[in-house]
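Next up is a structure, given as structure tokens.
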Amino acid sequence: MHGFQILKKEPKYQIIFWSSVLNGIGGRFAQVGSFALLYLLTESGVALGILMALLVLPTIIFAPISGYLADCFHKAKLLFWTDLLRTPFALLPIWAAITEQLGLLYLSTFIIASGQAVYNPVRFSIIPDIVEKKI
């Protein structure tokens, strides 16, 4: 119950917390849906392995850059824009299912994972800026 008291005391943190909960839920649903769609289209373990690599690779590439971005840009705006720019790519699996073009599914997965690789470190770096400092 102590966690909910903190959320009540910190309204800016509450916004970040709930937005990250929604972001995480949406990301996990997208992952499961992409895996299921890819397996339905290909029945290939290799294709699933490539998709999993496309989930991990952006973290290796973009997570180190996100610290630099957090220092150069307004963190809240960076969070907003990374989510907004990922939105059309979250809809690409629908088009991939209709056209059975695997490239669209791979592209969608890579872009969404790239946004997540930037979003998570920036989200953690904004917390000290928005919560009340205890002495």
Side-chain angles (χ1 to χ4, degrees):
M1 287 312 228
H2 181 67
F4 288 111
Q5 292 172 351
I6 291 172
L7 285 177
K8 287 180 183 177
K9 290 180 184 177
E10 302 287 350
K12 289 181 181 177
Y13 178 73
Q14 186 177 17
I15 293 168
I16 296 294
F17 175 79
W18 289 115
S19 67
S20 66
V21 167
L22 289 174
N23 182 305
I25 290 170
R28 297 310 161 259
F29 273 109
Q31 281 180 358
V32 171
S34 294
F35 286 137
L37 175 60
L38 186 63
Y39 189 74
L40 284 173
L41 293 175
T42 65
E43 294 184 5
S44 168
V46 173
L48 289 173
I50 292 170
L51 194 66
M52 291 178 94
L54 289 173
L55 285 170
V56 174
L57 197 61
T59 302
I60 296 167
I61 297 169
F62 296 113
I65 298 169
S66 67
Y68 174 76
L69 292 173
D71 290 339
C72 292
F73 298 103
H74 190 272
K75 293 172 186 165
K77 288 181 181 178
L78 196 55
L79 292 173
F80 173 78
W81 283 105
T82 54
D83 267 350
L84 189 66
L85 292 173
R86 287 187 291 173
T87 303
F89 294 97
L91 301 173
L92 262 183
I94 297 169
W95 188 251
I98 294 168
T99 62
E100 296 185 2
Q101 292 183 6
L102 300 181
L104 295 175
L105 192 57
Y106 289 135
L107 176 67
S108 170
T109 299
F110 183 78
I111 297 295
I112 290 172
S114 297
Q116 197 67 24
V118 172
Y119 182 91
N120 279 337
V122 173
R123 179 175 54 101
F124 288 125
S125 73
I126 199 173
I127 292 171
D129 297 342
I130 61 172
V131 296
E132 181 183 321
K133 301 204 180 355
K134 308 243 192 249
I135 297 177

(request) Decide yes or no for Val32 and Phe35: does some side-chain heavy atom of the first lie under 4.5 Å from some side-chain heavy atom of the second? (result) no

(message) Is there a path of hydrophobic side-chain contacts, each under 4.5 Å between heavy atoms of I/L/V/M/F/W/Y residues, joining Phe89 to Leu85?
(response) no

(request) Mind checking the OG1-CD1 spacing from Thr99 to Ile94? Nearest 0.5 Å is all I need. (result) 11.5 Å

(message) Looking at every non-hydrogen atom in both residues, tell me the closest pair between Thr42 and Ala47 and how far apart they are.
(response) OG1-CB, 3.7 Å

(message) Tell me whether Ser125 contacts the main-chain N or O of Val122 through its side chain, where contact means a donor paired with an acceptor under 3.5 Å.
(response) yes

(request) Might you point out which heavy atoms bring Ala90 and Pro93 nearest each other, and give the distance in Å? (result) O-CD, 3.3 Å

(message) If I compare all heavy atoms of Leu79 with all of Arg123, which pair ends up nearest, and what's the gap?
(response) CD2-N, 3.7 Å

(request) Mind listing the closest non-hydrogen atom pair of Leu41 and Ala96 along with its distance? (result) CD1-O, 4.3 Å

(request) Can you measure from CD (Gln14) to NZ (Lys9) and round to the nearest 0.5 angstrom? (result) 13.5 Å

(message) When you measure from the side chain of Glu132 to the backbone of Glu10, do you find a donor-acceptor pair of N or O atoms at a distance under 3.5 Å?
(response) no

Let me check something: any side-chain donor-acceptor pairs from residues 55-74 under 3.5 Å, sequence neighbours excluded? List them with distances.
from: Ser66; atom 1: OG; to: Ala63; atom 2: O; distance (Å): 2.6
from: His74; atom 1: ND1; to: Ala76; atom 2: N; distance (Å): 3.4
from: His74; atom 1: ND1; to: Lys77; atom 2: N; distance (Å): 3.4

(message) As an exercise, state the distance from CG of Leu104 to OG1 of Thr109, rounded to the nearest 0.5 Å.
(response) 10.5 Å

(message) Could you measure the distance from the CG atom of Leu78 to the CD1 atom of Ile126? Nearest 0.5 Å is fine.
(response) 9.0 Å

(message) With clusters defined by side-chain heavy atoms of hydrophobic residues (ILVMFWY) lying less than 4.5 Å apart, directly or transitively, does Val46 cluster with Tyr39?
(response) yes

(message) side-chain contact (heavy atoms from CB on, under 4.5 Å), that's the test. Do Lys75 and Ile16 meet it? Break it down for me.
(response) CA-CA 11 Å; Lys75 293 172 186 165; Ile16 296 294; over 6 Å; no

(message) Is there a path of hydrophobic side-chain contacts, each under 4.5 Å between heavy atoms of I/L/V/M/F/W/Y residues, joining Val118 to Leu22?
(response) no

(request) Test Phe80 against Ser19 for side-chain contact (heavy atoms from CB on, under 4.5 Å), laying out the working first. (result) CA-CA 10 Å; Phe80 173 78; Ser19 67; over 6 Å; no

(message) Could you see if Leu91 belongs to whatever hydrophobic cluster contains Leu84? Use Ile, Leu, Val, Met, Phe, Trp, Tyr and a side-chain cutoff under 4.5 Å.
(response) no

(request) Provide the closest heavy-atom pair for Leu51 versus Leu105 in the form atom of the first, atom of the second, distance. (result) CD1-O, 4.2 Å

(message) How close do Ala113 and Leu54 get, counting heavy atoms only, and between which atoms?
(response) CB-O, 3.8 Å

(message) What's the separation between atom OG1 in Thr82 and atom CD1 in Ile111, rounded to the nearest 0.5 Å?
(response) 12.5 Å

(request) Dump the intermediate steps for side-chain contact (heavy atoms from CB on, under 4.5 Å) on Asn23 and Gln116, then the final yes or no. (result) CA-CA 9 Å; Asn23 182 305; Gln116 197 67 24; 3.0 Å; yes

(message) With clusters defined by side-chain heavy atoms of hydrophobic residues (ILVMFWY) lying less than 4.5 Å apart, directly or transitively, does Ile25 cluster with Ile15?
(response) no

(request) Could you tell me whether a side-chain N or O of Ser114 sits under 3.5 Å from a main-chain N or O of Phe110, the two making a donor and an acceptor? (result) yes

